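The block underneath contains the structure these notes are about, expressed in structure tokens.
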Amino acid sequence: MKNLIYPLLLLLLLFTISCGKLKGEFAFQTPEDKGYKINQNRYEFDITKEINWIYKFDSMPGKRIKLGVVIMKKEIGWIDIVTTSDYIDPMKTIIYGTLKELEPGEYKIVIVEPTPEGNKTVDEIEIYLYSDEEVLD
């Protein structure tokens, strides 16, 4: 019995540590794509097209977790341009949105978890929206 307690305690500790952090993966879809694309080298999209994005969490939380989604644009620094709220729970492990009617430039999608200490960043990704009308130097 004593030999069984240590492996069980180790397993419980590993389970507790691994479940504490939310993580997942972004994917994007343009009107021409049949499905969502992940793991691209650089995320560049034409501003004339509507870009759908999803974030799929790797693990299911045991309870409902409130999240914030912030779309930021790079100016002199990063500025918030859209802020929304969402959630995940055991039945809903994907959050999603659409990028449309934005100006060309560098953007960032940031997913945050509100905590008593402040917002904790879950994940973020930078994308570039371009226009065929842009003049290249």
Side-chain angles (χ1 to χ4, degrees):
M1 181 74 174
K2 186 176 182 181
N3 292 339
L4 188 59
I5 291 176
Y6 292 116
L8 287 175
L9 287 174
L10 181 61
L11 183 64
L12 180 62
L13 178 65
L14 290 173
F15 180 74
T16 304
I17 292 170
S18 67
C19 290
K21 181 157 172 48
L22 295 174
K23 62 180 182 170
E25 189 169 38
F26 282 98
F28 295 89
Q29 180 186 44
T30 64
E32 295 83 27
D33 299 329
K34 292 185 182 197
Y36 284 85
K37 294 182 179 179
I38 56 173
N39 296 330
Q40 295 173 289
N41 289 336
R42 183 174 162 129
Y43 293 95
E44 295 181 345
F45 303 102
D46 185 344
I47 62 163
T48 62
K49 299 182 177 152
E50 191 171 287
I51 310 302
N52 295 314
W53 64 268
I54 63 170
Y55 189 84
K56 168 112 175 59
F57 288 86
D58 293 337
S59 59
M60 293 187 214
K63 60 180 176 148
R64 184 180 187 132
I65 297 174
K66 294 180 182 181
L67 298 169
V69 178
V70 183
I71 308 295
M72 305 174 90
K73 183 170 191 224
K74 190 170 191 178
E75 298 287 338
I76 293 174
W78 290 100
I79 59 166
D80 298 0
I81 58 168
V82 177
T83 304
T84 60
S85 60
D86 209 332
Y87 71 93
I88 56 171
D89 63 23
M91 300 299 289
K92 180 183 178 280
T93 60
I94 294 174
I95 60 174
Y96 57 91
T98 302
L99 302 172
K100 61 182 177 182
E101 300 175 7
L102 297 172
E103 297 175 2
E106 292 181 57
Y107 289 86
K108 188 187 295 190
I109 302 171
V110 183
I111 299 170
V112 296
E113 179 184 4
T115 66
E117 298 81 36
N119 289 337
K120 181 173 101 178
T121 300
V122 173
D123 206 347
E124 63 183 53
I125 193 165
E126 290 186 31
I127 59 172
Y128 183 74
L129 301 180
Y130 64 87
S131 168
D132 289 339
E133 299 172 5
E134 284 182 286
V135 178
L136 301 175
D137 294 334

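Please read these numbers as outputs of a predicted model, since none were measured by experiment.
In this structure, CD in Q29 is found 10.5 Å from CZ in F45, a value given to the nearest 0.5 Å. Distance check: I81 CD1 to I71 CD1 gives 7.0 Å after rounding to the nearest 0.5 Å. A distance of 9.0 Å separates CD in E25 from CD1 in I125, rounded to the nearest 0.5 Å. To the nearest 0.5 Å, the span separating NZ on K23 from CG on D123 amounts to 10.5 Å. Here I111 contributes atom CD1 and Y55 contributes atom OH; the two are 5.5 Å apart, rounded to the nearest 0.5 Å. To the nearest 0.5 Å, the span separating CD1 on I88 from CD1 on I95 amounts to 7.5 Å.
In summary, the aromatic rings of Y43 and Y128 are positioned with their centroids too far apart to meet the 6.0 Å limit.
At a threshold of 4.5 Å between non-hydrogen side-chain atoms, the residues E126 and E106 count as touching. Between I51 and T98 there is no side-chain heavy-atom pair separated by less than 4.5 Å. In this structure, the side chains of Y87 and L67 stay at 4.5 Å or more apart for every pair of heavy atoms. Taking the side chain as every heavy atom from C-beta outward, I38 and F28 never approach each other to under 4.5 Å.
Partners of I47 according to the side chain to side chain contact (heavy atoms under 4.5 Å, CB included) rule, which considers only residues two or more places apart in sequence or in another chain, are P104, L129, S131.
With hydrophobic clusters built from ILVMFWY side chains whose heavy atoms lie under 4.5 angstrom apart, I54 does not share a cluster with L102.
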Legend entry - Steps toward salt bridge (Lys or Arg N to Asp or Glu O under 4.0 Å) verdict (E113, K120): CA-CA 5 Å; E113 179 184 4; K120 181 173 101 178; 3.8 Å; yes
Legend entry - Working for side-chain contact (heavy atoms from CB on, under 4.5 Å), residues V69 and V82: CA-CA 8 Å; V69 178; V82 177; over 6 Å; no
Inset, instruction - Give the intermediate values and the outcome of side-chain contact (heavy atoms from CB on, under 4.5 Å) for residues T93 and D58. - result: CA-CA 8 Å; T93 60; D58 293 337; over 6 Å; no
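Taking Ile, Leu, Val, Met, Phe, Trp and Tyr as hydrophobic and joining them when side-chain heavy atoms fall under 4.5 Å apart, one finds V110 in a cluster with V70, M72, W78, V112.
Under the 4.0 Å criterion applied to side-chain N and carboxylate O atoms, E124 and K108 are assigned as salt-bridge partners. Salt bridge absent: K66 and D86 never bring a charged side-chain N and a carboxylate O closer than 4.0 Å.
Other residues, nucleotides and ligands contribute only 12 or fewer heavy atoms inside 6.0 Å of the CD atom of E103. Residue E101 places its CD atom among 12 or fewer non-hydrogen atoms of other residues, nucleotides or ligands, all under 6.0 Å distant. Atom NZ of K37 sits in a sparse spot, with 12 or fewer heavy atoms from other residues, nucleotides or ligands closer than 6.0 Å.
A cation-pi geometry, defined here as NZ or CZ lying under 6.0 Å from the six-membered ring centre and within 45° of its normal, does not hold between K74 and Y107.
A donor-acceptor pair is defined here as one N or O able to donate and one able to accept, closer than 3.5 Å; such a pair exists between the side chain of D89 and the backbone of K92.
Contact detail for I79 and E75: the closest heavy-atom pair is CD1-CG, 3.6 Å. Scanning all heavy atoms of the two residues, the minimum distance from E50 to P31 falls at O-CD, 3.3 Å.
Note: F26 and W53 have tilted aromatic rings, judged against thresholds of 30 and 60 degrees for the angle between ring planes.
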